[in-house]
Asker: 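Have a look at the structure that comes next, please.
Quantities reported herein were computed from a predicted structural model and do not represent experimental measurements.
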Number of protein chains: 2
Amino acid sequence: MSGYGQFCPVAKAMELLDERWTLLVVRELLAGSTRFNDLRRGVPHMSPALLSKRLQRLERAGLVRKSVDGSHTAYRLSPSGVELRPIVEALAGWGVRWIGDLGQADLDPHLLLWDVRRTVDVERWPRSRTVVALRFSDVETGAARWWLVCHDGETDLCDFDPGFEVTATVTSSLVALTRVWRGGRSWAGALRSGEGGIDGDADAVGRGPAGIGQAGWAGVPRPSERELALARPAAD
Amino acid sequence: MSGYGQFCPVAKAMELLDERWTLLVVRELLAGSTRFNDLRRGVPHMSPALLSKRLQRLERAGLVRKSVDGSHTAYRLSPSGVELRPIVEALAGWGVRWIGDLGQADLDPHLLLWDVRRTVDVERWPRSRTVVALRFSDVETGAARWWLVCHDGETDLCDFDPGFEVTATVTSSLVALTRVWRGGRSWAGALRSGEGGIDGDADAVGRGPAGIGQAGWAGVPRPSERELALARPAAD
DNA sequence: CTGTATCCATGGCGATACTG
DNA sequence: CAGTATCGCCATGGATACAG
C-alpha cells in the first residue's frame with residue numbers, strides 16, 4: 001500500500017509528489033529543460049533509471065507529455081503540471097527562508113553553473129561575443145574552471161577553454177558564489193571579504209555576478225535574526 | 001545519504017517535506033489539532049510510532065514546538081511551520097483540481113466526520129443544543145451512524161447515540177457526502193439522485209450539508225472537461 | 001492519554017553496466 | 001543521445017505490544 005487511504009486532496013497530491021526526486025524533476029521541467037540529458041544535468045545524483053521511472057510515472061499521471069520527433073525526445077509539462085509552478089516557487093521561497101544552512105555536500109559547481117547559465121542577463125552584456133571565465137578557488141581540478149560564452153543572445157556553458165578571448169574572469173570560492181546566486185549574500189560583501197574577485201573588463205559583464213544573474217527566489221526576504229531565533233528548536 | 005546533494009532550496013525543503021506522512025501531519029497541525037491523539041484522528045492509518053518520529057523530526061527542524069503542561073502535551077507550529085500554510089493550501093487546490101478520482105479505499109467515514117466537525121457553521125445553527133444524526137447507507141455497522149452535537153458554539157462528534165433529541169437526520173452514501181463536502185458535487189444533486197436525504201427540521205440545520213459546511217478548498221474551480229482531456233495521459 | 005520498543009518484510013533506490 | 005537491465009542492500013515504515 002503506497003497510498004494514504006485518504007480523500008484529502010493534500011494526501012492525494014502527495015501520493016504522487018512526495019516520492020523522492022519527483023518534485024525536483026518537475027522543477028527542472030518548469031525551468032525549461034525538455035531533453036532527458038538536460039534533465040539529468042539539472043538533477044544530478046539521480047540515476048538515469050530512476051529519472052526514466054519518474055518521467056513515466058508523471059506521464060501516466062498526466063502531468064508530463066512525452067513527444068518523440070525522430071531521434072529527438074522532449075518532455076513537457078501538461079496544464080496540470082504547469083499548475084505546480086506556484087507550489088514549487090512557494091517551496092523555493094520557503095526553503096530559502098528557513099533552510100539557509102548549506103552543508104559542503106550541498107554545493108555542486110556543475111549544478112550551480114547549469115543554473116547560472118539560465119539566469120545570465122544577456123541584455124546587459126555586449127552584443128559581440130562575450131566570454132566570462134569562472135574559477136573556483138576551492139574546488140578540485142576538473143570542476144574548478146568554467147566558461148560562459150554569450151553570443152547572439154545564446155549562452156553556452158563550457159567546462160573546457162573554448163579558445164575565445166576572455167572578457168573578464170571571476171574568481172570565487174564555491175560557497176560564496178552559491179550564496180550570492182541564491183541571494184542572501186551580496187557580491188560586494190564577497191569582494192570585501194576576499195572570497196570573490198573579478199579581473200578584466202568587469203563593466204562589460206555587469207560587474208560579474210550582477211550580470212550573471214541570480215536565482216528567481218533570490219529576492220525573497222530572509223527572516224530576521226529574531227524570527228530565526230523563534231523558529232529554532234527552542235530551549236523552551 | 002538521504003539528502004539530495006543540492007543547494008537548490010526546493011531540494012532542501014523536500015529533504016524534510018517529502019518524507020511520507022510529513023505534510024499530512026503539518027496539514028493537521030495547520031487545521032488546529034495540537035494533541036497527539038487528535039493528530040492521530042486526523043491522520044488515520046499512520047502508526048503512532050511513525051507519528052512520534054515525524055513530530056520529533058519536525059521539532060528538530062524547528063517547524064514544530066512541543067509544550068508539556070502537566071500531563072497535557074501540545075504540538076504547535078512555529079513561525080516557519082505556519083509559513084507552510086500557503087503551500088499546503090496550494091497543494092489542496094491542486095489536488096482537488098487534478099486528482100478528482102477517489103477510490104473506495106480513499107473513503108473513510110471517521111476522517112470525513114473529523115473534518116466535517118471543524119467546518120460546522122455554528123452561527124447558522126440554533127443557539128440551543130442541536131443534534132444532527134448522520135447515517136451512511138453503504139457503510140458497515142460500526143461506522144455508519146454518527147451524531148454531531150452542537151452546543152454553546154462547540155461541536156462534538158459522537159459515534160454513539162448521545163441520547164439527546166435529534167434535530168435532523170441526514171442520510172447519504174459515503175461517497176456522496178464526501179464529494180459534497182470536498183466540493184465539486186452539490187447536495188442538491190445528491191438529493192435528486194437519491195444518494196442523499198434529510199429528515200426532521202432541515203431548516204434548523206441549514207438544510208443539512210449546507211450547514212455542515214464544506215472543505216476550505218471546496219470552492220476551487222474544477223478544470224473543464226476540455227482542460228481535463230488535455231491533461232490526460234494523452235493519445236498524442 | 002501520550003507515547004516508546006521491537007521486529008521484520010518490502011521495495012525503493014543507489015550503483016553499475018550495457019544497448020539501440 | 002536516450003534510455004534499459006540487473007542486482008543487492010538497507011532504510012522505511014507497517015504492525016503489534018507495551019509503558020509512564
Asker: Nearest to the side chain of Thr73(A), which nucleotide is it out of dA17(D), dT4(D), dG3(D)?
Answerer: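 The nucleotide sitting nearest to the side chain is dG3(D).
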Asker: Taking the side chain of Ala49(B) as heavy atoms from C-beta outward, which of dA17(C), dT2(C), dA15(D) is closest to it?
Answerer: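 Between dA17(C), dT2(C), dA15(D), the one nearest the side chain of Ala49(B) would be dA15(D).
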Asker: Counting side-chain heavy atoms from CB outward, which of dG3(D), dT4(C), dC1(D) is closest to Lys66(A)?
Answerer: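 So the side chain of Lys66(A) is nearest to dG3(D).
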Asker: Taking only side-chain N and O atoms of Arg40(B), does any of them lie within less than 4.0 angstrom of OP1 or OP2 on dG3(C)?
Answerer: no
Asker: Is the charged tip of Arg20(B) near the ring of Tyr4(A): under 6.0 Å from the six-membered ring centre and within 45° of its axis?
Answerer: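 Geometry flag: set, cation within 6.0 Å and 45°.
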Asker: When you match Ser47(A) and Ser71(A) each to their closest nucleotide on DNA chain D, which lands nearer the 5' end?
Answerer: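 Of the two residues, Ser71(A) wins.
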Asker: Tell me: CE of Met14(B) to C1' of dC13(C), nearest whole Å?
Answerer: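 Answer to the nearest Å: 17 Å.
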Asker: Take the protein atom CG of Asp69(A) and the nucleotide atom P of dA2(D), then report the distance between them rounded to whole Å.
Answerer: 12 Å
Asker: May I ask you to verify if any side-chain N or O of Gln56(A) is less than 4.0 angstrom from the OP1 or OP2 atom of dT4(D)?
Answerer: yes
Asker: Is the distance between the ring centroids of Trp146(A) and His110(A) under 6.0 Å?
Answerer: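 Yes, the ring centres sit under 6.0 Å apart.
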Asker: Quickly work out the Arg20(A) CZ to dC10(D) C1' distance and round it to whole Å.
Answerer: 14 Å
Asker: So does Leu174(B) get a backbone contact from the side chain of Asp138(B), meaning a donor-acceptor N/O pair under 3.5 Å?
Answerer: yes
Asker: Which nucleotide wins on minimum distance to the side chain of Tyr75(B), given the candidates dG13(D), dG3(C), dG14(C)?
Answerer: dG3(C)
Asker: Quick check for you: among dT4(C), dT2(C), dC1(D), whose closest atom lies nearest to any side-chain atom of Asn37(B)?
Answerer: dT2(C)
Asker: From the options dG14(D), dG3(C), dA15(C), select the nucleotide whose nearest atom is closest to the side chain of Pro48(B).
Answerer: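 From the listed options, dG3(C) comes nearest.
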Asker: Can a side chain N or O of Arg54(A) be found less than 4.0 Å away from OP1 or OP2 on dC13(C)?
Answerer: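 So the side chain of Arg54(A) is within the cut-off, an N or O lying under 4.0 Å from OP1 or OP2 of dC13(C).
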Asker: Leu50(B) side chain: which of dC1(C), dA2(D), dG13(D) is closest?
Answerer: dG13(D)
Asker: Separation of His72(B) atom NE2 from dG3(C) atom P, in whole Å?
Answerer: 10 Å
Asker: Between Arg35(B) and dT2(C), does any side-chain N or O lie under 4.0 Å from OP1 or OP2?
Answerer: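 Result: yes.
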Asker: Report yes or no: do Thr22(B) and Arg54(B) form a side-chain donor-acceptor pair below 3.5 Å?
Answerer: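 Yes, a side-chain donor-acceptor pair sits under 3.5 Å.
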Asker: In whole angstrom, what separates Arg57(B)'s CZ from dT4(C)'s C1'?
Answerer: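 Roughly 19 Å, once rounded to whole Å.
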Asker: May I have the distance from Leu55(B) (atom CG) to dG3(C) (atom P), rounded to whole angstrom?
Answerer: 8 Å
Asker: Can the positive tip of Arg97(A) be found less than 6.0 Å from the middle of the six-membered ring of Trp94(A), inside 45° of the ring normal?
Answerer: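 Because its charged atom misses either the 6.0 Å distance or the 45° angle limit, Arg97(A) does not stack over Trp94(A).
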Asker: Grab the CD-P distance between Glu19(A) and dG11(C) for me, whole Å please.
Answerer: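 Rounded to the whole Å, the gap is 13 Å.
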Asker: Determine whether the side chains of Thr119(B) and Trp181(B) contain a donor N or O and an acceptor N or O closer than 3.5 Å.
Answerer: yes
Asker: Among dG3(D), dC13(C), dG14(D), which nucleotide has an atom closest to any side-chain atom of Trp21(B)?
Answerer: dG14(D)
Asker: For the side chain of Ser52(A), starting at C-beta, report the closest nucleotide among dT4(D), dT4(C), dG3(D).
Answerer: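 The nucleotide sitting nearest to the side chain is dT4(D).
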Asker: Starting at atom CG of Leu39(B), determine the distance to atom C1' of dG3(C), rounded to an integer number of angstrom.
Answerer: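 Atom CG in Leu39(B) sits about 12 Å away from atom C1' in dG3(C).
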